[in-house]
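To start, the structure under review is shown below, and the notes come after it.
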Protein chains: 2
Amino acid sequence: MSHYDDPFRGNFDSLEEFADHISELLQCPITIEDANHRLIAYSAHDDYTDPARTATIISRRVPEKVINSLWKQGAIPALLRSREPVRVAAISEVGLGSRVAVSIWKNDEVIGFIWALETDRTLSKEDMELLKKAAKAAKNKVLQLYMRKNKKEERVQELFWKLLTGHMTTEEEIKESFATMQIPAAPLFSVIVFRFATEITREIEKQISYLLQTTQQIQLLLYTTDRNDVILLAAPKSMNQPLKELHMFIESFALKMKERFHINSVQSGFGSIYETYTSIEKSYQEALTVLKMKEKFPEQICSIYGYQQLGIYQFFDLLLKKKRQGEFINPSLTKLQAYDQKHHSDLVKTFEVFFDHDSNVNETAKALNIHPNTLSYRLKRIAEIAEMDLHDMNQKVKLYIDIKLAKYEALH
Amino acid sequence: MSHYDDPFRGNFDSLEEFADHISELLQCPITIEDANHRLIAYSAHDDYTDPARTATIISRRVPEKVINSLWKQGAIPALLRSREPVRVAAISEVGLGSRVAVSIWKNDEVIGFIWALETDRTLSKEDMELLKKAAKAAKNKVLQLYMRKNKKEERVQELFWKLLTGHMTTEEEIKESFATMQIPAAPLFSVIVFRFATEITREIEKQISYLLQTTQQIQLLLYTTDRNDVILLAAPKSMNQPLKELHMFIESFALKMKERFHINSVQSGFGSIYETYTSIEKSYQEALTVLKMKEKFPEQICSIYGYQQLGIYQFFDLLLKKKRQGEFINPSLTKLQAYDQKHHSDLVKTFEVFFDHDSNVNETAKALNIHPNTLSYRLKRIAEIAEMDLHDMNQKVKLYIDIKLAKYEALH
DNA sequence: ATTAACTTTGTGGAAATCCACAAAAGGATG
DNA sequence: CATCCTTTTGTGGATTTCCACAAAGTTAAT
């Protein structure tokens, strides 16, 4: 192994050439990634690479399950902390062989990683030093890439805001813009909004961006921030159960924000899934509506993210307006409330919970901490007092809506 | 018994005096009623009267069950057909002893009845002739009563229309008017509208009026007609289950219109039950809304009469407006419809009926003429295709409303 | 014609619901 | 504080629902 002062003094046309050079020096496969684990360059002519590396090269990004493992196992946190090379033991579950990695730094920020796969040989202390120097040498090359990307990024941001605010009206125009900016086309998509407790700082944004760029649960088409909100244009991967995918993505995003960055209390919402780009504005508005309703009904709809799943809450604003005009007075509800007041009972709540639990006696009883027979007694009472037939769905739905609406109104 | 040419030639100050006179001639208790079986006059000094007569005198009207019996038994139809006296056999179930009756005519119209109770003696042929003459002699006296009543009636009509159109705004003012017109006060009331298939002729109105005046299921405060509609201000008799009372009254009214006058297809609706007179206009509008919705959803809500029972249909106009603006597109419904179209299935209908039957598998299966397992299979399918959780009431309600709303929209 | 995918109907047993009745507890009223 | 009314909880058994599996029938496409 050569021990010049700086083996990377020369000029390299491309990062590929650079990777090959390190590979030759260390006699092992080399991979260079950006801060978001996207593949930037990799050495060729390698006899053996492990499945993780193969997958990375083919999809041009590190598979998400590999990233997750590296987080759990501590390698990535270590690389983000220190400029020293780190040895990573093999993780056979995700097809990852033993390797050494070093982070590439610009000032106080990690802008990439170099990975050296220990296939035939284990790297010595000197080799590790060499890798560290390689990381320093790679800095400028990687930066250049970033610069180019950032300029493009700005144009893309502008486009996204135009779409969100409905300033592009024809499908054709939008499609063209997508093509020129090399944003992939998707048959279905939705706008997702993550709302944080505080305004999004540059620091947090980096972490969010990292999570978004590395996720492979959904396809991220566009992404921007706005005060406390992170706004994404996301495409589900399958046509069958797009809602489920978005749901799972959001839950795992929240979980990772919590686990990795200790950021709790992220509220999330997404609009309907559309096929036409001109509906992006609508999807965005719907996502905002979801967040608004979640604020009003924190417990009721805490596990709802999609506008579709909002169900009846979709038209609560509309109903509230009418209610304020004196419409929709529900004498059944009034009677129940009066009864509750007088007898310190809980009939309204009982009905609400019962309905929320799909008229399931056992579940409702558990939720209310009462005996199932008590519940059935109360229901009989409700039918009498409210003068309603508890098998008539129409009436039940109306009462349910009126109860929720009353709550909504109370919250202003 | 005297056989002058006309034993009623003399002048009688009042109908009471007249009744006493007949009573003396025939040696039996006499009751005079108007066409609606309200008591006009009765003879005093009678040793024995049957329970039916006692009740009639005390409540100043013939009890409804007695009227019903007389209809069924054929006495009233006979009296309305012919000017001859009719003998009515005792009907012990309603406490009615044997009696003879004759109708009082003005031109081609019956304006009242005279009843002679056969307590001690059975009336002879001659007695019957006498009774017929008495009926002729009573005509003018009864007519005078009508005239006076009609003038009052006109002022009352005017008041009612003012109330229905919201032209009296203070509770005080209305209460005063009620008092001066001797309309009884009621703690609760609602506006009922009966809508007939054709415009209401004088003939039909008489029959309707007859039914309304003779009912004792509810208290009739005011009453008028408007093209095809009969409009009532009605007060339920009990505070406990006013809705039920109104419901039963409407059903029995429709039944009687059918049985007695062969008028089918009466649509009925009533507004919410209010306590303040200023809400009469609202109750009227609500009753009209019920009729409007019944027109759109004939099968769904054929057994609904009350605005309260309208349930979710109360705000369909509002939702439709928004829907027309492109809001509330329900992708779940869209998918189900697409599937139905493609596979000639019936998922939307299945869900609708299932929901309408309070999620009862057996009932729904019967209603759809399918095996219960088929239903449960379809439901599983619906959950998959629509990407929804069939235990989530919120989503179910939304889908249900959207299905009904789509139907409503289709009907313009 | 032959798949393959989807739909309907049947069967049986575990689980749950429903209902009537009864006992006990709690609260308001005089 | 005795009493009445309402509410809660318990018990047991008839009925219904739920679910998994199997078989047979339908439909659309190769």
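Chain A is the first sequence line, chain B the second, and so forth, proteins listed ahead of strands; every chain is numbered from 1.
A sub-4.0 Å separation between OP1 or OP2 of C:dT7 and a side-chain N or O of B:Thr374 is absent. Phosphate proximity of C:dT8 to B:Tyr377: absent, as no side-chain N or O sits under 4.0 Å from OP1 or OP2. Applying the 4.0 Å criterion to OP1 and OP2 of D:dT6, one finds that A:Arg378 has every side-chain N and O outside that range.
Comparing D:dT9, C:dA16, C:dT8 by their nearest atom to the side chain of A:Asn362 picks out C:dA16. Closest to the side chain of A:His371, out of D:dT11, C:dT9, C:dT8, is D:dT11. Taking every side-chain heavy atom of A:Arg381 into account, D:dT6 is the closest of D:dT11, C:dT8, D:dT6. When the nucleotides C:dC18, D:dT11, D:dT6 are ranked by their closest atom to the side chain of A:Asn373, D:dT11 comes out on top. Of the candidate nucleotides C:dT9, D:dT17, D:dT9, D:dT17 has the atom lying nearest to any side-chain atom of B:Asn360.
Atom NZ of A:Lys342 is separated from atom C1' of C:dT29 by 13 Å (rounded to the nearest Å). The nearest whole Å value for the distance from the OH atom in A:Tyr339 to the P atom in D:dT6 is 7 Å. In this structure, A:Gln341 atom CD and D:dT6 atom P are separated by 19 Å, rounded to whole Å. Atom CD of B:Glu363 and atom C1' of D:dT17 are 13 Å apart (whole Å). Atom pair B:Asp358:CG and D:dT16:P shows a separation of 16 Å (rounding to whole Å applied).
A:Glu245 has no carboxylate O lying under 4.0 Å from a charged side-chain N of A:Lys237, or vice versa, which leaves the two without a salt bridge. A:Lys396 and B:Asp358 are joined by a salt bridge, as a carboxylate oxygen and a charged side-chain nitrogen come within less than 4.0 angstrom of each other. Between A:Glu251 and A:Lys256, none of the side-chain N atoms (NZ, or NE/NH1/NH2) sits under 4.0 Å from a carboxylate O, so this pair counts as no salt bridge.
Nearest-nucleotide assignment on DNA chain D puts the 5′-proximal partner with B:Ser376, out of B:His344 and B:Ser376. Heavy-atom nearest nucleotides on DNA chain C were determined for B:Ile370 and for A:Lys380, and the one closer to the 5' end corresponds to B:Ile370.
A:Tyr313 and A:Phe297 have tilted rings, their planes meeting at an angle from 30° to 60° on a 0 to 90° scale.
Residues A:Phe354 and A:Phe351 keep their aromatic ring centres 6.0 Å or farther apart.
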